[in-house]
A.B. asks: 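Please find one structure pasted underneath; my questions will follow.
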Protein chains: 2
Amino acid sequence: MEASKDSVVKNEIIDSAQKLFKQFGLKKTTMDEIASACGKAKSTLYHYYKSKEEVFDDVLSKEMLGLRILVDKNVKQKKTLHDKLKMYFETFHKEALNKLNLYRILKQEIQAEFINTNRFSDVIMFETNYVQNMLLEGVKKGEFTNVKEEDIGLYSEVIVVAFLGLVRYSVERDGEFEIENLRKITDILIPRVFT
Amino acid sequence: MEASKDSVVKNEIIDSAQKLFKQFGLKKTTMDEIASACGKAKSTLYHYYKSKEEVFDDVLSKEMLGLRILVDKNVKQKKTLHDKLKMYFETFHKEALNKLNLYRILKQEIQAEFINTNRFSDVIMFETNYVQNMLLEGVKKGEFTNVKEEDIGLYSEVIVVAFLGLVRYSVERDGEFEIENLRKITDILIPRVFT
DNA sequence: GTTTCGACTATTATCGTATTTTGGTCGGCA
DNA sequence: TGCCGACCAAAATACGATAATAGTCGAAAC
């Protein structure tokens with residue numbers, strides 16, 4: 001078994017699964033459907049994944065990766081902490097709505113045990129870390145001085161959780177809470193040194 | 001029917017109902033149980049309330065009122081916008097955990113149609129308004145200048161939604177996310193003029 | 001040896017129906 | 001006017017039968 005061949009087949013499976021999960025959700029998508037969608041027998045899937053959950057998990061990882069690549073790319077184009085955060089919120093919010101499966105997790109629509117516990121807090125942890133690095137960079141550059149360095153971990157967590165709360169809210173209202181408004185959040189979440 | 005007598009009986013009912021709802025939740029509490037808990041017949045309850053929902057709604061109103069009185073009392077004791085907001089977050093958070101029924105609403109644990117639609121957004125609206133007044137007062141006193149006055153409505157909404165997201169998070173982790181941390185949120189949510 | 005498949009199993013979900021629970025009504029009693 | 005027990009209709013529950021589905025296994029194909 002070549003590793004490359006292996007991952008090609010895995011990609012086929014994930015692509016089909018992603019579409020089906022997006023359309024019907026985790027519960028209403030069967031392994032048989034995924035299998036025939038990519039022209040394989042169900043038992044073949046179990047050669048590459050040991051469970052349905054593992055397939056779903058991989059789909060999520062793919063979506064998350066896509067979102068993160070985009071977020072990171074956009075954020076890197078901005079120079080100041082303020083602009084970076086603004087772009088971060090905007091891109092994350094927009095992409096989370098596109099990646100429907102991911103969005104379902106954020107909304108905690110899927111109540112599977114294995115997901116809520118791990119996945120959601122994984123996202124929070126990862127994003128907290130990402131934001132933390134942004135803030136630390138801001139500190140190093142002197143853009144962000146009025147916060148003790150030891151508090152930056154907590155600050156990041158607060159920012160992420162608060163932001164995700166807003167994403168959820170915005171999603172539940174389905175457009176009532178506009179993206180333009182979301183842009184102003186940075187002004188709230190980040191105390192500026194130069195006022 | 002005297003109005004006073006009427007409200008005495010209503011209070012008896014609400015007290016019993018509150019305990020039961022707190023212990024078993026909305027769905028697992030029956031009208032018969034509430035009735036016998038306050039030594040009345042079920043049909044008597046319908047003399048004072050026209051439905052179970054109305055009873056639950058009144059319990060919520062009572063809890064909300066209690067919380068709001070305390071919040072308002074504590075907030076009024078503080079002078080600056082910063083201290084007021086700090087106290088606001090702290091008291092609201094603490095009391096929301098005590099008032100279990102209210103807390104279930106915030107957590108959106110109760111999925112009854114009549115609740116999610118009205119109650120939750122009622123809370124958001126009320127709190128948004130309350131915070132807005134705080135901010136406007138801060139503007140008037142010159143403590144809070146770096147925000148356009150027309151944006152204050154949006155700011156308030158963002159603050160409330162973000163804060164409720166944090167309350168939920170803190171509740172889900174059941175103590176992991178400490179109240180002391182919550183106190184620092186004000187520093188994040190309110191850009192200070194004097195840095 | 002690796003990948004695929006069809007047949008098989010065990011578990012879970014679904015359905016139809018009988019039964020119970022429960023929200024809500026009503027007439028009458030104090 | 002305030003209260004109750006008896007009553008009803010609708011919803012929840014229980015349960016057995018049936019169907020759907022996640023996951024296994026041995027063998028065939030490559």
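Every chain is numbered from 1 and lettered A, B, ... according to where its sequence line falls, protein lines coming before strand lines.
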A.B. asks: Taking the side chain of B/Thr30 as its heavy atoms from C-beta onward, which of D/dC4, C/dG23, C/dT4 lies nearest to it?
C.D. replies: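 The nucleotide sitting nearest to the side chain is C/dG23.
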A.B. asks: Write out a two-atom table: protein N or O, nucleotide N or O from nucleotides 10-15 of chain C, distance below 3.5 Å.
C.D. replies:
none

A.B. asks: Salt bridge between B/Lys76 and B/Asp72, side-chain N to carboxylate O under 4.0 Å?
C.D. replies: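 So B/Lys76 pairs with B/Asp72 through a salt bridge.
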A.B. asks: Taking only side-chain N and O atoms of A/Tyr48, does any of them lie within less than 4.0 angstrom of OP1 or OP2 on C/dT4?
C.D. replies: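 The answer is yes; a side-chain N or O of A/Tyr48 sits under 4.0 Å from OP1 or OP2.
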A.B. asks: Between the protein and nucleotides 5-8 of chain D, are there any N/O to N/O pairs under 3.5 Å, and if so, what are the atom names and distances?
C.D. replies:
residue	atom	partner	partner atom	Å
D/dG5	N7	B/Ser43	OG	3.4
D/dG5	O6	B/Ser43	OG	2.6

A.B. asks: Could you tell me whether the side chain of B/Thr44 and the main chain of B/Lys40 form a donor-acceptor pair under 3.5 Å?
C.D. replies: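 Not at all, since once roles are kept as given, no pair shorter than 3.5 Å links the two residues.
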A.B. asks: In whole angstrom, what separates A/Ile34's CD1 from C/dT4's C1'?
C.D. replies: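 For the pair A/Ile34 CD1 and C/dT4 C1', the rounded distance is 17 Å.
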A.B. asks: How close or far is atom P of D/dA22 from atom CG of A/Leu20, stated in whole angstroms?
C.D. replies: 12 Å
A.B. asks: Between A/Gly39 and B/Tyr46, name the one whose nearest nucleotide on DNA chain C is closer to the 5' end.
C.D. replies: A/Gly39
A.B. asks: Round to a whole Å and report the spacing from NZ of B/Lys52 to P of C/dT21.
C.D. replies: 15 Å
A.B. asks: Check this for me, if you would: do B/Lys28 and B/Glu33 make a salt bridge, where the nitrogen-to-carboxylate-oxygen distance has to be below 4.0 angstrom?
C.D. replies: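 Salt bridge absent between B/Lys28 and B/Glu33.
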A.B. asks: Starting at the 5' end of DNA chain D and moving along, which residue's nearest nucleotide shows up first, B/His47 or A/Glu33?
C.D. replies: B/His47
A.B. asks: Provide, to the nearest angstrom, the distance between the CG atom belonging to B/Leu26 and the P atom belonging to C/dT22.
C.D. replies: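 So the two atoms are 13 Å apart, to the nearest Å.
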A.B. asks: Just how far, in rounded Å, is P of D/dA22 from CD of A/Glu54?
C.D. replies: 15 Å
A.B. asks: Counting only heavy atoms not in B/Lys27, do more than 12 fall under 6.0 Å of its NZ?
C.D. replies: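 Check fails, neighbour count at 12 or below.
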A.B. asks: Just by modelled atom types, is the A/Lys10 backbone N or O under 3.5 Å from a matching donor or acceptor in the A/Ser7 side chain?
C.D. replies: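 Judged by distance alone, no pair lies under 3.5 Å.
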A.B. asks: So do the side chains of A/Val55 and A/Tyr48 get within less than 4.5 Å of each other, counting heavy atoms only?
C.D. replies: no
A.B. asks: Specify the separation, in whole Å, of atom CZ of A/Phe56 and atom C1' of D/dG23.
C.D. replies: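 One finds 19 Å between C1' of D/dG23 and CZ of A/Phe56, rounded.
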A.B. asks: May I have the distance from B/Leu45 (atom CG) to C/dT25 (atom P), rounded to whole angstrom?
C.D. replies: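 Rounded to the whole Å, the gap is 13 Å.
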A.B. asks: Backbone N or O of A/Leu135 within a donor-acceptor pair of the A/Lys84 side chain at under 3.5 Å?
C.D. replies: no
A.B. asks: Do side-chain atoms of A/Glu143 reach the backbone of A/Leu81 as a donor and acceptor pair under 3.5 angstrom?
C.D. replies: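 Yes, because the side chain of A/Glu143 sits within donor-acceptor range (under 3.5 Å) of the backbone of A/Leu81.
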A.B. asks: Check for a donor-acceptor pair, side chain of A/Lys52 on one end and backbone N or O of A/Thr29 on the other, with a separation under 3.5 Å.
C.D. replies: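 Here the side-chain-to-backbone pair exists.
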A.B. asks: From NZ of B/Lys40 over to P of D/dC3, roughly how many Å is that when rounded to an integer?
C.D. replies: 5 Å
